[in-house]
Amino acid sequence: MLIALMTILFLGGGGGSSAVMAYFAESQDRVKEVVIDDVRSDEAVDILKSMQGLGKQQNEAWQDVFKELENEFGEHESDEDAIDAIWDDYYRQLREINDEAVELRFELREQLTREEWEQVFN
């Protein structure tokens with residue numbers, strides 16, 4: 001079990017973050033092309049930049065938990081409560097990031113018409 005966890009941490013940690021960042025950058029470019037109203041376009045781009053920032057926060061949270069777990073597992077007598085606390089804090093951070101991402105998505109939806117949305121995210 002421990003080997004599986006460490007494998008996931010080593011191989012799965014943040015590997016897709018560059019793809020997510022590229023997606024947000026492409027979406028910002030598409031908004032600039034599709035949305036004619038400069039005010040709504042600027043607002044939508046700002047929201048997408050905030051979403052991109054959340055992706056960076058999530059990646060940083062993952063890196064932090066990885067370091068903390070690595071330190072904890074590096075000690076031969078790992079404390080189960082300490083490990084649980086590390087995971088609890090990580091999942092709390094993820095919930096906060098996800099909640100904010102949902103709110104930003106609704107803000108973005110208010111800035112784009114249905115047709116613009118389809119053109120940007122098709």
Check: Looking at residues at least two apart in the chain, or sitting in another chain, which of them share a salt bridge (charged side-chain N to carboxylate O under 4.0 Å, His left out) with Asp37?
Finding: Arg40
Check: Residues two or more places apart in sequence or in another chain: which of them pass side chain to side chain donor-acceptor pair (under 3.5 Å) with Gln58?
Finding: none
Next item on the list: Sorted by first residue and then second, give each salt bridge (Lys or Arg N to Asp or Glu O under 4.0 Å) pair with at least one member in residues 52-67; sequence neighbours left out.
Entry: none
Check: Taking atom CG of Leu48 and atom OH of Tyr23, what is their separation to the nearest 0.5 Å?
Finding: 8.0 Å
Item checked: Those residues that, when tested against Gln57, pass side chain to side chain donor-acceptor pair (under 3.5 Å) (two or more places apart) -> none
Notebook entry, point to check: side chain to side chain donor-acceptor pair (under 3.5 Å) with Asp89: which residues, sequence neighbours excluded?
Noted result: Arg92, Gln93
Next item on the list: Name all residues meeting the side chain to side chain contact (heavy atoms under 4.5 Å, CB included) criterion together with Ala101; count only those two or more places apart in sequence or in a different chain, and write none if there are none.
Entry: Leu54
Check: What orientation do Trp117 and Phe121 show, parallel under 30°, tilted 30 to 60°, or perpendicular over 60°?
Finding: tilted
Tell me which donor-acceptor pairs under 3.5 Å the side chains of residues 104-114 have, and how far apart each pair is, sequence neighbours excluded?
unit_1: Thr113; atom_1: OG1; unit_2: Glu116; atom_2: N; d: 3.1
unit_1: Thr113; atom_1: OG1; unit_2: Glu116; atom_2: OE1; d: 3.4

Check: Can you check whether Leu94's main-chain N or O pairs, donor with acceptor, with Asn98's side chain at less than 3.5 Å?
Finding: yes
Check: Please, which pairs that meet side chain to side chain donor-acceptor pair (under 3.5 Å) have at least one residue in residues 24-34, sequence neighbours excluded?
Finding: Gln28-Gln52, Arg30-Glu33
Check: Hey, what do you get for CD (Gln63) to CD (Glu70), rounding to the nearest 0.5 Å?
Finding: 12.0 Å
Next item on the list: Compare every heavy atom of Ala44 with every heavy atom of Val31, then report the nearest pair and how far apart it is.
Entry: CG1-CB, 3.8 Å
